[in-house]
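It should be emphasised that the depicted structure is a prediction, and the values quoted were computed from it without experimental measurement.
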Amino acid sequence: MPVLLIGFNRPELLEMRVEELLQNKVTNLSISIDGNELLRNEMEQSIRKIEKMCKNKCRLATKLHSKNLGLAGHITSEITRMLEIYPEIIVLEDDIEIGNGFLTNMSNGLKTLREKNNLGIVSGFSPVTKKINFPISNQWRLSPYFNCWGWVCTREVWKYYVLDLSDHNLNQELEKSRTWNRLNKWQQYLWLSRFIKIQRTPYHTWDIQFQYMCFKHEMLNVSPLFSITNNAGFDDYRSIHTKGKKPKWMSNSMVNSDIVISNAPKIICLFYSKILEPLTTAGDSRIIRLRNKIKN
């Protein structure tokens with residue numbers, strides 16, 4: 001499966017991701033780097049280094065944009081371009097660490113998604129990291145939540161994506177969704193406030209729009225019980241949305257490289273989507289609001 005690797009201003013992270021992908025025996029790699037006049041020479045040097053790394057090992061295409069498209073414009077335009085060529089792609093940003101089994105797991109996850117006849121994506125990230133010698137094997141689970149820290153996107157899903165929601169009637173569209181109506185009133189209030197915010201500033205980010213699409217079209221995404229990726233971009237002044245400290249619930253453990261084959265029971269999937277994700281990745285639990293009040 002082709003891999004789209006997204007970069008901007010961190011050449012050393014870009015090179016690390018290429019090394020990891022080569023360990024995964026990647027065969028088709030496309031690298032897109034957003035325009036940055038101050039770092040253009042450094043990024044050009046990084047591309048030349050990567051070309052040497054990939055020589056005779058994989059098919060490589062690189063693009064260094066002359067203008068700065070911004071995070072949202074860059075990622076969405078490149079996904080659109082790639083999916084006009086390929087039916088499915090793996091999307092990876094330069095700060096997302098992967099293990100040796102990542103590409104195999106993404107392919108397995110896509111098979112699982114299609115076997116269940118679901119419309120959705122495959123994500124490599126999960127709020128739980130497997131500890132060494134933990135007796136439960138890694139398994140695939142279904143979730144209404146979207147996570148973009150190492151994921152598979154298909155052409156059939158991306159056609160529903162809209163970056164600019166300014167002309168959408170959010171309430172009217174969401175009230176028809178069974179997924180949306182399963183959320184409690186607090187979750188609906190919180191997510192609707194997020195959707196209204198990106199309706200006003202659509203180029204601030206792009207993943208909130210994807211979550212809107214998941215709710216609206218009742219998409220179920222496939223993710224592992226134990227994370228097989230890790231975000232290394234926290235506490236980095238060069239990051240766009242992860243400049244702050246890594247959340248306490250996120251582990252600093254090594255990336256899990258176990259091959260995920262089996263599927264988790266429905267009760268475990270519900271535990272993740274109803275309890276774990278609202279308290280962590282989705283951040284839409286009332287308990288989080290209470291915690292923030294106590295902190296303040």
Side-chain angles (χ1 to χ4, degrees), residues 6 69-81 83 91 93 113 116-123 125-127 141-149 151-223 240-242 244 247 269-270 272-293:
I6 298 289
L69 304 175
L71 177 66
H74 182 209
I75 289 181
T76 55
S77 63
E78 284 303 301
I79 291 175
T80 299
R81 180 184 67 82
L83 287 175
V91 184
E93 293 176 65
L113 186 74
K116 293 182 177 297
N117 199 29
N118 282 334
L119 186 67
I121 62 100
V122 181
S123 174
F125 187 78
S126 184
R141 61 184 175 85
L142 293 175
S143 173
Y145 292 107
F146 166 66
N147 193 290
C148 58
W149 292 348
W151 58 295
V152 175
C153 187
T154 64
R155 187 183 293 160
E156 58 191 324
V157 165
W158 191 249
K159 69 182 180 182
Y160 293 100
Y161 181 80
V162 178
L163 177 62
D164 187 351
L165 297 173
S166 57
D167 61 348
H168 286 243
N169 188 321
L170 303 178
N171 277 306
Q172 191 176 81
E173 292 180 1
L174 289 171
E175 69 181 7
K176 301 173 185 177
S177 164
R178 289 170 296 180
T179 306
W180 178 254
N181 290 316
R182 290 190 189 108
L183 299 178
N184 62 45
K185 294 300 181 183
W186 164 252
Q187 290 172 315
Q188 289 182 350
Y189 166 77
L190 186 63
W191 277 110
L192 191 58
S193 66
R194 291 169 176 169
F195 297 148
I196 291 171
K197 183 178 179 180
I198 58 99
Q199 208 177 31
R200 295 168 180 165
T201 55
Y203 284 88
H204 173 69
T205 190
W206 65 277
D207 55 329
I208 298 295
Q209 292 93 318
F210 203 105
Q211 184 60 65
Y212 177 80
M213 181 182 73
C214 290
F215 286 151
K216 177 183 175 181
H217 297 287
E218 302 178 356
M219 292 184 181
L220 282 177
N221 305 308
V222 169
S223 298
I240 304 299
H241 292 144
T242 54
C269 298
L270 287 172
Y272 268 75
S273 62
K274 295 295 184 181
I275 298 175
L276 276 181
E277 288 175 314
L279 285 169
T280 54
T281 52
D284 62 7
S285 168
R286 277 186 177 272
I287 295 176
I288 291 177
R289 185 188 188 195
L290 177 63
R291 180 201 66 189
N292 291 339
K293 278 188 174 181

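- Residues Pro202 and Ser166 form no side-chain contact, since every pair of their non-hydrogen atoms from C-beta on lies 4.5 Å or further apart.
- Interatomic distance, Asn147 CG to Thr281 OG1, rounded to the nearest 0.5 Å: 6.0 Å.
- Taking the side chain as every heavy atom from C-beta outward, Trp180 and Trp191 approach each other to under 4.5 Å.
- Across all their heavy atoms, Leu276 and Pro127 have their closest contact at CB-CG, 4.4 Å.
- The minimum heavy-atom distance between Gln209 and Leu165, with the atom names listed, is CG-CD1, 4.1 Å.
- With a 4.5 Å cut-off on side-chain heavy atoms, Tyr272 and Ser223 do not count as touching.
- Proximity of Asn221 to Tyr145: side-chain heavy atoms (C-beta onward) are nowhere separated by under 4.5 Å.
- The SG atom of Cys148 sits 9.0 Å away from the CD1 atom of Ile79 when rounded to the nearest 0.5 Å.
- The list of side-chain hydrogen bond (donor to acceptor under 3.5 Å, both in side chains) pairs with a residue in residues 154-163, not counting sequence neighbours, reads Thr80-Trp158.
- The distance from atom OG1 of Thr205 to atom CD of Gln211, rounded to the nearest 0.5 Å, is 12.0 Å.
- Judged by distance alone, the side chain of Asp207 and the main-chain N or O of Phe210 form no donor-acceptor pair under 3.5 Å.
- Scanning all heavy atoms of the two residues, the minimum distance from Cys269 to Leu142 falls at SG-N, 3.6 Å.
- Here the closest heavy-atom approach between residue Ile121 and residue Cys153 is recorded as CG2-CA, 4.5 Å.
- Here the closest heavy-atom approach between residue Ser143 and residue Glu277 is recorded as OG-OE1, 2.7 Å.
- Atom CE in Met219 sits 4.0 Å away from atom CE in Met213 (nearest 0.5 Å).
- Under the ring pair (Phe, Tyr, Trp, His ring centres under 6.0 Å) rule, Phe146 has a single partner from Phe125, Tyr212, Trp151, Phe215, which is Trp151.
- Of the inter-residue distances, the one linking Glu78 atom CD with Ile75 atom CD1 reads 10.0 Å to the nearest 0.5 angstrom.
- Atoms CG and CD, from Asp167 and Gln199 in turn, are 8.5 Å apart once rounded to the nearest 0.5 Å.
- Nearest heavy-atom pair, Lys216 versus Leu174, reported as atom, atom and distance to 0.1 Å: N-CD2, 4.1 Å.
- Side chains of Leu71 and Glu93 form a contact here, defined as non-hydrogen atoms less than 4.5 Å apart.
- Using a 4.5 Å heavy-atom cutoff, the side chains of Arg182 and Glu218 are not in contact.
- Ser126 places a side-chain heavy atom less than 4.5 Å from the side chain of Arg141.
- Judged purely by atom type and a 3.5 angstrom limit, Thr201 has no side-chain atom pairing as donor or acceptor with the backbone of Ile198.
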